[in-house]
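Following: one structure in structure tokens, then a few remarks.
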Amino acid sequence: MSSAMQEMHVDIGLVNTIVARSSLSFIDGEKGILEYVGYDIDSLARHSTFEETAYLLWHQRLPSSSELQSFSSQLQLNYDLSESMWDMVVSLPRDASPMHALRTLTSALALEDPAADDSSPEANMRKSISMLAKIPAFIAGFDRHRKGLDLVRPNQDVSIAENFLYMLNGVKPTERMIRAMDICLILHADHGFNASTFASLVTISTLSDMYSAVTTAIGTLKGPLHGGANQGVMYMLNEIDSIDDVESYVMNKLTNHERVMGFGHRVYKAYDPRATYLKTFAEGIAEDTGNMELFNMSKKIEEIMDREVGAKGIYPNVDFYSATTYYSLGLDLDLFTPLFAMSRVSGWTAHCLEYLEDNRLIRPRCTYVGPHELKYEPISNR
Ligand code: SDX
């Protein structure tokens with residue numbers, strides 16, 4: 001083994017490896033702290049908006065009132081799709097998974113951007129604005145298409161949260177639903193070098209384009225160990241007939257060493273601060289919408305998991321109570337992860353913009369464990 005390799009360490013899953021410096025998200029996994037550029041997540045959820053949060057991540061400071069107004073207008077001007085993109089939305093198979101549809105449509109944006117490969121900061125910011133603004137239309141448009149409903153074109157006078165709910169349901173959402181959606185988008189916006197963000201950085205570090213980086217990230221977020229977990233939580237809740245069956249269901253999972261979706265985290269060994277907020281939130285929304293049985297079932301699962309594995313630092317993560325929240329907001333289960341992507345595209349693009357300021361190709365090593373110096377035998381001898 002070369003001396004260079006001898007100095008390297010093996011860290012499967014990069015559990016204990018730091019690959020870069022960032023000013024975007026601070027996470028203290030032991031204390032359960034999350035800050036976006038120094039602002040704690042609870043303050044942002046209480047007082048900010050998703051547009052302001054996206055601005056904070058992209059510019060690493062909070063905007064003035066006029067800057068936020070101008071930024072929001074830029075986004076609103078980009079809500080609508082070209083006619084060829086709307087045609088693509090309705091050309092997709094109705095039984096396709098919304099995450100496959102989202103990944104395909106986002107990737108297709110590059111086909112109609114003559115500057116798709118311009119990696120200047122200005123061009124990358126423009127592409128980031130375009131994707132953040134258009135992904136709601138992809139998700140809502142595909143959902144209405146697969147249900148045989150007429151498409152609802154964007155309302156370019158309202159926020160991302162309100163516009164998404166309007167395009168999805170075809171009616172003006174209530175203020176409470178708009179605020180609920182806006183807070184969920186804030187809570188999901190960024191989270192350090194999670195798998196999908198890291199995947200986007202591997203792509204952008206080759207100096208590939210921003211559309212390719214976000215397409216990589218969407219594909220990575222989809223996995224049930226990552227962003228797909230919120231859907232997994234809902235499937236789990238639907239499998240449990242009643243609150244009386246929760247104990248046996250959870251104990252069966254744990255006995256079989258199966259993962260209970262929505263619990264555990266690579267970094268948090270304390271309560272995920274986003275889950276703290278979402279739990280309170282989910283209860284209010286569930287009460288308003290007649291879904292308290294679902295919320296109480298979730299609470300029961302949490303009690304049992306706390307009793308059985310809390311000492312191992314396994315607590316609810318962001319996905320556990322977001323499932324009840326999204327279900328209570330009337331979202332179909334397979335739209336939960338696309339909603340995660342709708343928010344996290346702000347974090348993905350923010351990290352890509354930041355990483356490109358001091359780019360370094362990401363290319364780790366592996367320890368070779370295969371054979372050496374084998375003699376090549378002609379196929380006639382094999
Ligand atoms: C997200 O990284 C991010 O920041 C992600 C995210 C973001 O904002 O981007 O926060 C969003 O992806 C949240 C996580 C969503 N995933 C899930 O809810 C899926 C269920 N969770 C697990 O698969 C797991 O907790 C992971 C994948 C999240 C983390 O896994 P690790 O760090 O690789 O830990 P591990 O799988 O090695 O588990 C360590 C121990 C094991 O016990 P032992 O075998 O050592 O005895 O903890 C146990 C595991 O069995 N464990 C669980 C569990 N999670 C871990 N046991 C039961 N249920 C679980 N959910």
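In listed order, ligands and their atoms are each counted from 1.
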Nearest to atom 20 (C) of ligand 1 by heavy atom, Phe193, Tyr268, Phe263, Phe198: which?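 The residue whose heavy atom sits nearest atom 20 (C) of ligand 1 is Phe263.
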With respect to atom 38 (O) of ligand 1, which of His226, His265, Arg344, Arg259 exhibits the smallest heavy-atom separation?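 Going through His226, His265, Arg344, Arg259 one by one, Arg259 has the nearest heavy atom to atom 38 (O) of ligand 1.
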How far is [atom] from the closest protein heavy atom, and which atom is that?
{"atom": "atom 17 (C) of ligand 1", "answer": "Ala229 CB, 3.4 Å"}
{"atom": "atom 23 (O) of ligand 1", "answer": "Leu225 CD2, 3.3 Å"}
{"atom": "atom 14 (C) of ligand 1", "answer": "Asn317 ND2, 3.5 Å"}
{"atom": "atom 28 (C) of ligand 1", "answer": "Gly264 O, 3.8 Å"}
{"atom": "atom 33 (O) of ligand 1", "answer": "Arg266 NH2, 2.9 Å"}
{"atom": "atom 58 (N) of ligand 1", "answer": "Val260 N, 2.9 Å"}
{"atom": "atom 15 (C) of ligand 1", "answer": "Asp319 OD2, 3.2 Å"}
{"atom": "atom 43 (P) of ligand 1", "answer": "Lys312 NZ, 3.8 Å"}

Flag side-chain contact, heavy atom, 4.5 Å: Glu52 against Leu62: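 Side chain of Glu52 against side chain of Leu62, heavy atoms only: contact under 4.5 Å found.
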So do Phe336 and Leu331 actually touch side chain to side chain, heavy atoms under 4.5 Å?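 The answer is yes, as the side chains (C-beta and beyond) meet within the 4.5 Å cut-off.
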Give a yes or no on whether a salt bridge exists between [X] and [Y], defined as a side-chain N under 4.0 angstrom from a carboxylate O.
{"X": "Arg21", "Y": "Asp358", "answer": "no"}
{"X": "Lys253", "Y": "Glu308", "answer": "no"}
{"X": "Arg176", "Y": "Asp288", "answer": "yes"}

side-chain hydrogen bond (donor to acceptor under 3.5 Å, both in side chains) assessment of Ser84 paired with Asp87: CA-CA 5 Å; Ser84 54; Asp87 290 345; over 6 Å; no
Are there more than 12 heavy atoms of other residues, nucleotides or ligands under 6.0 Å from atom NZ of Lys300?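 Counting neighbours around NZ of Lys300, 12 or fewer heavy atoms of other residues, nucleotides or ligands fall under 6.0 Å, so no.
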Would you please determine whether Lys253 falls within less than 4.0 Å of ligand 1 on a heavy-atom basis?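 Judged by the 4.0 Å heavy-atom criterion, Lys253 does not count as contacting ligand 1.
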Measuring from the heavy atoms of Pro224, does anything fall under 4.0 Å of ligand 1?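 Yes, that is the case, since the closest heavy atom of the residue is under 4.0 Å from the ligand.
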Determine whether any protein heavy atom is located less than 4.0 Å from [atom].
{"atom": "atom 36 (O) of ligand 1", "value": "yes"}
{"atom": "atom 30 (O) of ligand 1", "value": "no"}
{"atom": "atom 26 (C) of ligand 1", "value": "no"}
{"atom": "atom 5 (C) of ligand 1", "value": "yes"}

Might you work through the side-chain hydrogen bond (donor to acceptor under 3.5 Å, both in side chains) test for Ser119 and Asp209, ending with a clear yes or no? CA-CA 7 Å; Ser119 56; Asp209 65 288; over 6 Å; no
Location of contacts on Arg274 toward ligand 1, heavy atoms closer than 4.0 Å: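 For Arg274, the contact with ligand 1 is made by the side chain alone.
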Per-residue contact class, Ile314 against ligand 1 - non-hydrogen pairs under 4.0 Å: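 Within the 4.0 Å criterion, Ile314 contacts ligand 1 through side-chain atoms alone.
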Considering distance alone, does some N or O of His191 sit under 3.5 Å from an N or O of ligand 1?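 So ligand 1 has an N or O lying under 3.5 Å from an N or O of His191.
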Is there at least one pair of N or O atoms, one from Gly262 and one from ligand 1, spaced under 3.5 Å apart?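 It does: an N or O of Gly262 is found under 3.5 Å from an N or O of ligand 1.
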Between the main-chain N or O of Lys31 and the side-chain N or O of Asp28, is there a donor-acceptor pair closer than 3.5 Å?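 Such a contact is found between Asp28 side chain and Lys31 backbone.
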With distance as the sole test, does Ser48 use its side chain to make a donor-acceptor pair with the main-chain N or O of Ala45 at under 3.5 Å?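 No, because the side chain of Ser48 does not come within donor-acceptor range (under 3.5 Å) of the backbone of Ala45.
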Going by the order shown, which atoms of ligand 1 are within less than 4.0 Å of some heavy atom of Glu258?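 Heavy-atom distances to Glu258 below 4.0 Å select 57 (C).
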Can you list the ligand 1 atoms lying under 4.0 Å from a non-hydrogen atom of Asn194?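 Answer, ordered by atom number: 2 (O), 3 (C), 4 (O), 5 (C), 9 (O).
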Pairing donors with acceptors under 3.5 angstrom, does anything connect the side chains of Ser66 and Ser64?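 Checked: Ser66/Ser64 side chains pair up, N/O donor to acceptor below 3.5 Å.
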Check whether the side chains of Asn230 and Ser322 place a donor and an acceptor atom closer than 3.5 Å, and report yes or no.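 There is no such pair between these side chains.
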A cation-pi test, strictly: NZ or CZ of Arg382 under 6.0 Å from the centre of the six-membered ring of Tyr376 and no more than 45 degrees from its axis. Yes or no?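 Yes - Arg382 lies over the ring of Tyr376, closer than 6.0 Å to its centre and within 45° of its axis.
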